[in-house]
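Notes for the one structure printed next.
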Amino acid sequence: MAEPKENVLMEKIVSLCKRRGFVFQSSEIYGGINGFWDYGPLGAELKRNVKELWWNSMSRFRDDVVGLEATIIMAPQIWRASGHVDTFSDPMCDCLLTKKRFRADQIEPQSGVVYSYKGAKDSAAAKESGDGFSVLLAPGKPPESARKTAVQFYQSRGLQTVELIGETTEKVENTTRFNPENGAQLTDPRPFNLMLQTYVGPIQSDENIAYLRPETAQAIFAQFKNVHETSRQKVPFGIAQVGKAFRNEVTPRNFTFRSREFEQMELEFFIKPDEAVEAIHGSVAVPTGPGHPGEPQPNWGWQMWHQYWVEERVRFYEGIGLSRATLGFHIQTPEELAHYARATTDILFKFPFSKVDEQGEVKGDELEGIAARSDFDLSQHERHSGKAMGVFDEDLRTAWGKLAPEKQAELSQRYYNARLKYLTKTGVPEEKAKAEAKEDADGLAKGQYIPHVIEPSAGVDRLILALLANAFTETTSTDEKGKSEVRTVMKFHPRVAPVKVGVFPLLKNKPELVAKAKEVFQLLRGHVLAFYDETGAIGRRYARQDEAGTPFGVTIDFDTLGEKPELLNTVTVRHRDDGAQERIPISELLGWLLARVK
RNA sequence: GCGGGCGUAGCUCAAUGGUAGAGCGCCGGUCUUCCAAACCGGCUACGAGGGUUCGAUUCCCUUCGCCCGCUCCA
């Protein structure tokens, strides 16, 4: 149950986003379109800053990660290989009585007697319903309970005193057409396809169906071979991508949190299977405790890499102003994990709309998931495309030859078991699976394997929303006349703040001040995003920049012009969060700012 | 998708079956020596479509959007 107070906070944030130009509803002049949002001038800058910081820290400033920019529409086979075509189209049924929704494939088969009705009438009100309805009567229950359920159904259709018409009964076994909780009839299964679909080419035929990608990651797997061959990278290395993804969400909710068009920042970091690490280094390093494990080491197994990326990502969030206290973590339980995933840690942010649990704690909602996905993805694409996705590892081949035969046999067996498990789970017939797993295990001995992957996958728009919620601060101040007013300050970290500095002449009607201020503005623009404002009183201009989240204000006054000779060519720099001011020479201003916004 | 609530200016809200009003904001002006000053002038709205009516922002229907719950959570 969301607290009303928190809804109010969320409404204030949404309102400020519109008022100041962070986020607008898409297509607003036409009444909007559910699940789509636009970024206004400030939002566009904010988003650009976030994506650039991610790209820099995840790729440009690392030796072991390269970038990719793939298309949104790809060969539809990719989504069959990834499993999205199947898992994104679960047939759903609704209970005709309670409207509860079920996944058709998850309904327990039941047996019993079906009581069917052609309709019902209400003589008193002279009303009649011709809608058929059936109830499954579980063994051992009196027929009256089935009739009662049917009466409830017709009452929900507007009849008061229900007389059931045309009762028939039939014994059935293993049916999934009734609600297991109350026996009421379900609607026919209706497919729910959550991928947005289009046609490639002008003919709208089934052969031309293509999908707008529901995640950016698959392109990385599909282009793995090309990137590996052209980037001169060796495993372990990663491929980063930022881009739009699309999902036909059942219920877009919570402002931009769950949208139908959204942007992701994804890294697929490819690592050696543990068997290869062990063959090369004799043992596999595993985490010894919580916290960042330090610089990557060649003997790391998947668990070390997974922990490493979780901690790297937390550092990133801390670096843009989201402290650990504002974040939450969710380690997926074995039941929640996809069958191919070995571990997934979600990084959550405590949004104003996040639910409070039984202990009164706010857990938060997901910003990013860091998944250890084994070699599932590349294996799937290998099987579906028929193209080999393995890599050859010189170090592994050399090391393998030096291993004791028992060790070789042990590692070979482990790798065989892992491959067999994958192949069997994906439906490969047993004999064929065994043969292929044997082939894979033999390949390992020759230095070949399909890389495993650690996937930190973050939602840009969710992060923007987190930054907006985190920055939003209201203070009530009362002036000497007793008039109180609420002031809003967006306390963005200077690194992500859309505008870095406001430049103001103290007064507009003094040409010398205006000229000097414009000079300072020209000095800064191009290096940092600066905003010049000369209208209204200085306090008003500060307040406007506070709402935009501009961390610094520079004011040109008479001292800048030399009224006090010792202050000639210095300016007032005003800090957004506490209003503190300091005097800085114009010659040092740009360096001073750059040091704080980079 | 289901149920409930809501939709009036950029924002917050008001009024009315008979041509919509305030505060804030925004723009321009006078003024102004550091935190939304004052004054003057200006701008902007009944979500959309249909129906009832002489006349609808108001009543009815449909639709779109927003919020809450359920569901979904791939």
Side-chain angles (χ1 to χ4, degrees), chain A residues 1-4 6-8 10-12 14-21 24-37 40 79 82-90 92-103 106 156 187 190 192-195 214-215 245 247-255 257-258 336 338 346 353 355 365-366 369 475 477 479-481 483 485-489 502 504-510 513 534-547 553-561 563 571-576 578-581 583:
Chain A
M1 201 63 76
E3 298 290 324
E6 288 163 344
N7 296 335
V8 170
M10 205 53 218
E11 276 166 29
K12 283 179 177 171
V14 174
S15 165
L16 176 123
C17 279
K18 178 165 189 196
R19 180 155 38 93
R20 284 292 162 185
F24 304 128
Q25 193 176 17
S26 169
S27 321
E28 194 193 67
I29 60 167
Y30 290 101
I33 174 166
N34 193 345
F36 297 87
W37 301 91
W79 307 111
S82 70
H84 285 88
V85 170
D86 295 330
T87 58
F88 266 52
S89 54
D90 305 319
M92 307 293 293
C93 306
D94 297 320
C95 173
L96 284 172
L97 187 61
T98 63
K99 306 295 182 197
K100 185 169 173 171
R101 173 161 294 158
F102 297 90
R103 264 177 68 170
Q106 287 183 351
S156 74
T187 60
R190 287 174 290 200
F192 257 57
N193 200 317
L194 298 166
M195 277 200 288
E215 62 172 36
R247 297 183 191 182
N248 239 333
E249 295 287 351
V250 179
T251 315
R253 275 289 160 91
N254 292 325
F255 197 29
F257 184 80
R258 176 170 292 153
E336 291 173 310
D346 293 331
F353 53 76
K355 305 261 193 298
D365 287 280
E366 186 183 338
T475 52
S477 59
D479 63 17
E480 55 275 14
K481 292 175 207 138
K483 197 178 115 191
E485 64 172 10
V486 178
R487 297 183 56 142
T488 306
V489 183
F504 320 114
L506 184 60
L507 299 172
K508 184 169 71 164
N509 62 351
K510 295 286 186 285
L513 288 178
E534 61 179 27
T535 62
I538 190 70
R540 171 176 293 262
R541 283 176 269 163
Y542 287 149
R544 283 201 278 242
Q545 291 306 310
D546 286 346
E547 269 199 352
V554 167
T555 304
I556 285 73
D557 60 15
F558 293 96
D559 291 334
T560 311
L561 303 176
E563 195 164 271
V571 292
T572 302
V573 175
R574 179 252 188 195
H575 294 251
R576 173 196 63 202
D578 56 8
Q581 300 194 346
R583 203 78 198 175

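Proteins get letters first, then strands, A, B, ... in listed order; numbering begins at 1 in each.
Counting only heavy atoms from C-beta on, Arg258(A) has its side chain closest to C73(B) among C34(B), C73(B), A36(B). When each of A37(B), A36(B), U33(B) is scored by its nearest atom to the side-chain atoms of Phe558(A), the top-ranked nucleotide is U33(B). Closest contact between the side chain of Gln25(A) and the listed nucleotides A74(B), U33(B), G65(B) involves G65(B). Listed candidates were U33(B), A74(B), C35(B). Nearest to the side chain of Arg247(A) is A74(B). Each of C34(B), A36(B), U12(B) was ranked by its minimum atom distance to the side chain of Ser15(A); first place goes to U12(B).
Looking at heavy-atom distances under 4.0 Å, Phe257(A) makes no contact with the nucleic acid at all. In this structure, Arg541(A) reaches neither bases nor backbone, as no heavy-atom distance under 4.0 Å exists between it and the strands shown. Using a 4.0 Å heavy-atom criterion, one finds that Thr251(A) contacts the bases of the nucleic acid, with or without backbone contacts as well. Looking at heavy-atom distances under 4.0 Å, Asp557(A) makes contact with a base. Residue Glu28(A) is classed as having no contact, given no heavy-atom separation below 4.0 Å to the nucleic acid. Within the 4.0 angstrom heavy-atom criterion, base atoms lie near Glu547(A).
Checking the phosphate oxygens (OP1, OP2) of G25(B), no side-chain nitrogen or oxygen of Arg19(A) falls inside 4.0 Å. Phosphate contact (OP1/OP2 of U32(B), side-chain N/O of Lys508(A), threshold under 4.0 Å): absent. In this model, the phosphate group of C31(B) is not approached by any side-chain N or O of Asn509(A) to a distance below 4.0 Å at OP1 or OP2. Between Arg544(A) and the phosphate of C26(B), there is a side-chain N or O to OP1/OP2 separation shorter than 4.0 Å. When the side-chain nitrogen and oxygen atoms of Arg253(A) are compared with OP1 and OP2 of C66(B), none of them lie within a distance under 4.0 Å.
Between the side chain of Tyr542(A) and the base of C34(B) there is at least one donor-acceptor pair of N/O atoms closer than 3.5 Å. Checked by distance alone, Glu249(A) brings a side-chain donor or acceptor within 3.5 Å of a matching partner on the base of A74(B).
Per the geometry, CG belonging to Asp578(A) stands 15 Å off P belonging to C35(B), to the nearest Å. Regarding Leu194(A), its CG atom lies at a distance of 13 Å from the P atom of G1(B), rounded to whole Å. For Asn254(A) and C72(B), the CG to C1' distance is 14 Å, given to the nearest whole Å. Remark: C1' of A9(B) and NZ of Lys18(A) are 10 Å apart, rounded to the nearest angstrom. Atom CG in Leu506(A) sits about 14 Å away from atom P in A37(B), given to the nearest Å. The nearest whole Å value for the distance from the CZ atom in Arg540(A) to the P atom in G25(B) is 5 Å. The distance between atom CZ of Arg574(A) and atom C1' of U33(B), rounded to the nearest whole Å, is 17 Å. Here C73(B) presents its P atom at 15 Å from NZ of Lys355(A), a figure rounded to the nearest Å.
Using a distance-only test at 3.5 Å, with no hydrogens or angles considered, no donor-acceptor pair links the side chain of Arg247(A) to the main chain of Arg258(A). Side-chain atoms of Arg487(A) never come within 3.5 Å of backbone atoms of Thr475(A) as a donor-acceptor pair (strictly under, hydrogens ignored).
The shortest heavy-atom contact between Arg574(A) and Asp546(A) is NH1-OD1, 2.8 Å.
Annotation: side chain of Thr572(A) is in contact with side chain of Arg583(A) (closest heavy-atom distance under 4.5 Å).
For the pair Asn34(A) and Leu507(A), both in contact range of RNA chain B, the more 5′-proximal nearest nucleotide belongs to Leu507(A). Between His575(A) and Phe255(A), the one whose closest nucleotide on RNA chain B sits nearer the 5' end is His575(A).
Remark: the Thr535(A) side chain and the Arg544(A) side chain contain an N/O donor-acceptor pair separated by less than 3.5 Å.
Base pairing in RNA chain B gives the following stems of 3 or more Watson-Crick or G-U pairs, range against range and under 3.5 Å: B:1-7 with B:64-70, B:10-13 with B:21-24, B:25-30 with B:38-43, B:47-51 with B:59-63.
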